[in-house]
2 protein chains.
Amino acid sequence: MTTSDQPATLRERKKLRTRQALADTAVTLFGERGFDSTPLDALLEQVEVSRRTFFRNFRSKEDVALTAVKQLWDVYLEVLDGTKKSGPLIDVFLDAMLTTLERMDEDWYRRFPLTLRLIADSPALDGYTLRHCAEVQAEIARRLDGQNRLELRLLIEFFVATWRCALDEWLPDCVPGELPALLRRSCSSMNSALSLSFPA
Amino acid sequence: MTTSDQPATLRERKKLRTRQALADTAVTLFGERGFDSTPLDALLEQVEVSRRTFFRNFRSKEDVALTAVKQLWDVYLEVLDGTKKSGPLIDVFLDAMLTTLERMDEDWYRRFPLTLRLIADSPALDGYTLRHCAEVQAEIARRLDGQNRLELRLLIEFFVATWRCALDEWLPDCVPGELPALLRRSCSSMNSALSLSFPA
DNA sequence: AGAGCAAATGCCACACTGTGGCACTTCGTG
DNA sequence: CACGAAGTGCCACAGTGTGGCATTTGCTCT
């Protein structure tokens with residue numbers, strides 16, 4: 001479960017509520033009408049906030065649509081920080097993601113698949129997501145900063161790529177319980193992928 | 001050297017010239033004033049074409065800035081098609097890229113580093129590039145479509161990621177002759193990256 | 001409880017990207 | 001030389017994102 005620390009002040013709670021309302025309405029509204037073909041104004045009208053307010057809460061139209069993705073990686077970085085990093089790094093990365101998936105709540109498992117479908121349908125959104133992944137990867141590298149930077153960088157790239165492959169296989173059905181197994185399977189295929197020969 | 005097949009008709013040559021002028025001026029102009037902070041109008045004014053004409057030649061402002069990147073991958077796909085695909089697939093991918101690098105002409109080696117710096121300075125451009133890479137990867141997968149799709153997909157992801165890592169190391173100096181060696185080194189680090197342990 | 005303060009919001013205007021319609025020029029072709 | 005087609009320019013418009021400024025709303029201190 002995600003730690004939902006409620007802010008004390010009423011003002012902050014109110015702001016958080018509009019943030020959630022925007023993110024929540026975004027995935028459903030964009031899901032119904034398409035991300036590219038839905039004007040931002042449609043979202044603003046439905047949530048009843050002004051453009052000014054929206055852009056104080058989110059950087060862009062893409063940003064609000066990808067809230068679920070960002071939440072995942074935020075939790076992932078937290079989990080990674082609280083992990084004793086020993087043994088094969090790939091296992092560290094994998095275990096951290098499995099733990100992260102356990103921590104996400106039910107509502108997230110409702111919004112995340114919707115978000116993935118938005119991404120699959122919109123190249124612009126996909127590019128934005130990939131860029132976000134790149135930032136997360138840089139952040140991971142920064143926190144683990146060791147000697148062999150090239151190999152570390154490569155491993156991080158490989159892991160995130162493997163994660164995205166697992167998501168692609170998960171996408172059609174999006175049964176929450178199946179995702180960990182798919183991720184494990186992808187990770188266990190990494191080595192044999194490298195030694196793949198042609199023809200098969 | 002890139003195959004510069006000149007179109008017979010005068011009209012097509014003219015159109016091609018404006019295309020090249022736009023792409024060429026774009027990298028230098030954006031390089032001087034920054035991609036995000038340079039209005040498209042500045043480019044149009046310098047090349048003396050209307051917006052209408054520009055958007056018939058390029059999909060977006062990002063598109064014209066990334067011409068060199070697209071050219072690289074276009075050639076890469078050609079080379080890959082003309083390669084006898086046998087043995088370890090990773091070597092096939094690597095060799096194809098080495099061949100591709102040999103085929104690019106001098107002017108490309110002037111524009112490509114400029115483009116990389118643009119990308120490094122602009123998140124939006126970076127996202128667009130990553131998205132383009134994803135499309136290329138899908139295209140590669142389509143052409144090799146074999147049995148074990150997951151592992152093939154993984155390998156392609158890994159290779160392109162490794163290529164991008166090599167580019168990052170190449171970026172500071174951008175000496176054309178050094179790129180192949182950097183790419184070889186990155187590729188030869190792939191296996192050890194997977195078995196990386198912590199602490200180092 | 002009331003006054004003052006700071007944060008959040010809404011409204012307005014603007015810059016920039018990208019698209020579609022339409023007229024005009026220019027090139028290719030009979 | 002004339003006709004058709006491709007290319008181009010001009011114009012207007014939708015949509016995204018930003019900044020200024022007044023107003024409201026919640027917080028805090030007396």
Side-chain angles (χ1 to χ4, degrees), chain A residues 6-23 25-26 29-30 32-67 118 121-129 131-132, chain B residues 6-23 25-26 29-30 32-67 118 121-129 131-132:
Chain A
Q6 62 238 345
T9 88
L10 192 151
R11 179 183 288 173
E12 285 171 1
R13 263 179 292 157
K14 218 172 176 182
K15 186 169 184 178
L16 187 63
R17 232 183 8 227
T18 60
R19 268 193 69 89
Q20 288 178 337
L22 282 168
T25 312
L29 188 62
F30 292 155
E32 293 167 359
R33 302 172 46 179
F35 177 79
D36 295 315
S37 50
T38 306
L40 188 57
D41 292 342
L43 173 63
L44 304 183
E45 190 180 350
Q46 190 155 334
V47 188
E48 289 183 313
V49 288
S50 70
R51 226 199 305 284
R52 197 75 181 80
T53 306
F54 172 84
F55 281 105
R56 252 186 292 264
N57 284 281
F58 299 94
R59 283 188 196 164
S60 64
K61 186 184 170 188
E62 286 81 13
D63 194 23
V64 67
L66 295 178
T67 301
L118 289 185
D121 287 340
S122 166
L125 210 48
D126 196 11
Y128 202 91
T129 311
R131 167 69 197 176
H132 179 252
Chain B
Q6 63 239 345
T9 88
L10 192 151
R11 180 182 286 175
E12 286 172 359
R13 263 179 292 156
K14 220 173 175 182
K15 185 168 184 176
L16 187 62
R17 233 186 2 228
T18 60
R19 267 193 69 90
Q20 287 178 339
L22 282 168
T25 312
L29 189 63
F30 292 156
E32 294 167 359
R33 301 172 45 179
F35 178 79
D36 294 315
S37 50
T38 306
L40 188 57
D41 291 341
L43 173 63
L44 304 184
E45 190 180 350
Q46 190 155 335
V47 188
E48 290 182 313
V49 289
S50 71
R51 226 199 304 285
R52 198 74 180 82
T53 306
F54 173 84
F55 281 105
R56 253 185 292 264
N57 285 282
F58 299 94
R59 284 190 197 164
S60 64
K61 185 184 169 187
E62 286 80 14
D63 194 23
V64 67
L66 296 178
T67 301
L118 288 184
D121 287 339
S122 167
L125 210 48
D126 194 13
Y128 202 92
T129 311
R131 168 68 196 176
H132 179 252

[N] phosphate, OP1 or OP2: any side-chain N/O from [X] under 4.0 angstrom?
| X | N | result |
| --- | --- | --- |
| A:Ser50 | C:dT9 | no |
| B:Lys14 | C:dC27 | yes |
| A:Thr9 | D:dC27 | yes |

[X] [atom1] to [N] [atom2], straight-line distance once rounded to whole Å:
| X | N | atom1 | atom2 | result |
| --- | --- | --- | --- | --- |
| B:Glu48 | D:dG9 | CD | P | 10 Å |
| B:Arg52 | D:dT8 | CZ | P | 11 Å |
| A:Leu22 | D:dG17 | CG | C1' | 16 Å |
| B:Glu62 | C:dC16 | CD | P | 15 Å |
| B:Lys61 | C:dG18 | NZ | P | 8 Å |
| B:Glu12 | D:dA6 | CD | P | 11 Å |
| B:Phe54 | D:dC10 | CZ | C1' | 18 Å |
| B:Leu16 | C:dC27 | CG | P | 16 Å |

Counting heavy atoms from C-beta on, name the nucleotide in [options] closest to the side chain of [X].
| X | options | answer |
| --- | --- | --- |
| A:Leu40 | D:dT16, D:dT8, C:dG18 | D:dT16 |
| A:Val49 | C:dT17, D:dG15, C:dG10 | C:dG10 |
| A:Arg11 | C:dG21, D:dC27, C:dG18 | D:dC27 |
| A:Pro39 | C:dT17, D:dT8, D:dG15 | D:dG15 |

Here's a test of your reading of the structure: between B:Phe55 and A:Thr53, which maps to the more 5' nucleotide of DNA chain C?
A:Thr53
Short side-chain to backbone donor-acceptor contact, [X] and [Y], under 3.5 Å:
| X | Y | result |
| --- | --- | --- |
| A:Thr25 | A:Ala21 | yes |
| B:Arg19 | B:Asn57 | yes |
| B:Thr18 | B:Lys15 | yes |

Taking for each residue the nucleotide of DNA chain D with the nearest heavy atom, is it B:Arg51 or B:Thr18 whose nucleotide lies nearer the 5' end?
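Its nearest nucleotide being more 5', the pick is B:Thr18.
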Looking only at heavy atoms, the pair that brings A:Lys61 and A:Thr38 closest together is NZ-O, 2.8 Å
Applying side chain to side chain contact (heavy atoms under 4.5 Å, CB included), run through A:Ser60 and A:Tyr128 and close with a yes or a no.
CA-CA 10 Å; A:Ser60 64; A:Tyr128 202 91; 3.4 Å; yes
